[in-house]
Every structure is written in structure tokens, then in C-alpha cells.
Amino acid sequence: MSTAKGGGAAGEGNGGAASGNGKRSRAGSGGTSGARSGAPVVPVTGPPAAPLTAGRIGLYVLLLLAGVLVAGAGTLVQAAWFPGGLALALGGVIGLFYGGAKATGTSAGVLVPGAAWLVTVFLLLGNVRPEGDFLFGAGLGSYVFLLGGIAVAVICATAMQLRPAGLRPGRVGG
């Protein structure tokens, strides 16, 4: 009689193949397949919001004014000396956006001068006056300056958000 019960128990010893279901069982897995037990799962979030202090607000105001100045200077310089002026204007835009990101440590350091640059270039300097005056010519340099400035702002803002923040250095996997 014990042989009938023992036959099933003996079949379970080689992975449960004799039990008829064809599945192997893992000893001590606790019902979880592939998940580590004991380690809490912590979602990775963005960097914590920086507190708004008087110094930080002053820095944002300076970045806003610098965005307006770089937009005005770049508009005039990019057409004056075509290849070198365009490179100088885009270099100023890159320096402003990257410097704003590094100075503040937040993506707002790119967004504030980027918004000021965008509004200045497209709304204030891009309008045609009734007299026919226009700061942007129909050349390739104007379009490269306009689209290049937007691309630089997007790249700097995206790169600022992709940086890992708050991660502790240590061994990978445990």
C-alpha cells in the first residue's frame, strides 16, 4: 500500500516528469519565476526639484536676458560673415544652452534661455515691418541658424533629463 503512494513520490524526485504534467518544479523558488526576493523595487524618477531661492531666480533672469542678447547678436552676425558668422552664432547658442544647464543643474536652465531665444528670434526679429525691413534673408544661413538653434535647445534639454540623478554608486546586481 505504501508502494502506490511511494511510486508518485519517487516520480517527483526527477523533476516531476513522472507526475504527468511534463513541467519541472524549482525547489525553494517560492512561486516567483526570475524575481529576486528581499530586494524592494524602487522606480527611478527624475532629479528632485531644486528649491527656488533668490539666487536661483536671479540666475534664471540672467539666463533670460542672455537668451535675448544671444538671439539678437546671432541674428545680426550670422548674415554678416556667412560661414564664420553662422558658426559664431550657433556657438553662442550652444554655449548659452549648455552653460545654462550646467549652471542650474536642471532642465529649466535650458528651457528659460531657449524660450527667450525662440520668442526673440521668431516673434520679435522675424517679423517683416511695413517698410519691408527684414533681418533674416532667404539664404541657407538663416534657416540653419533658426533650425540649428531649436535643435541645440532640444538636444540640451533632452540630455539634461537623461542624466541619472540620485543613484548610489555600488555593485551592479546586488
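None of these values were measured; they are calculated from a predicted model. The figures here come from the full heavy-atom set of this structure, side chains too, leaving out hydrogens, waters and symmetry mates.
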At their closest point, which heavy atom of T104 faces which heavy atom of R56, and how far apart are they? O-NH1, 3.2 Å

Which pair of heavy atoms, one from V110 and one from A101, lies closest together, and at what distance? CG2-CB, 3.4 Å

V152: partners by side chain to side chain contact (heavy atoms under 4.5 Å, CB included), with sequence neighbours left out: V93, I94, F97, C156

side-chain contact (heavy atoms from CB on, under 4.5 Å) between V144 and L90, worked out: CA-CA 9 Å; V144 170; L90 285 176; 4.0 Å; yes

Considering all heavy atoms of both residues, which atom of A89 and which atom of Q78 are nearest to each other, and what is their separation? CB-CB, 4.0 Å

Which value, rounded to the nearest 0.5 Å, describes the distance between F145 atom CZ and L88 atom CG? 10.0 Å

CG (L62) and CG (L69) are apart, to the nearest 0.5 Å, by 10.5 Å

Please find the pair of heavy atoms, one from A157 and one from S107, that lie closest to each other, and give the distance. O-CB, 4.5 Å

With hydrophobic residues grouped by side-chain heavy-atom distances under 4.5 Å, do L76 and L86 end up in a single group? yes

Which atom of V121 lies closest to which atom of A71, heavy atoms considered: CG2-CB, 3.5 Å

Applying the side-chain contact (heavy atoms from CB on, under 4.5 Å) test to W117, which of I150, V112, V68 qualifies? I150

What distance separates Y60 OH from L111 CG, expressed to the nearest 0.5 Å? 9.0 Å

Do L118 and L96 sit in the same hydrophobic cluster, where Ile, Leu, Val, Met, Phe, Trp and Tyr count as joined when their side-chain heavy atoms come under 4.5 Å apart? yes

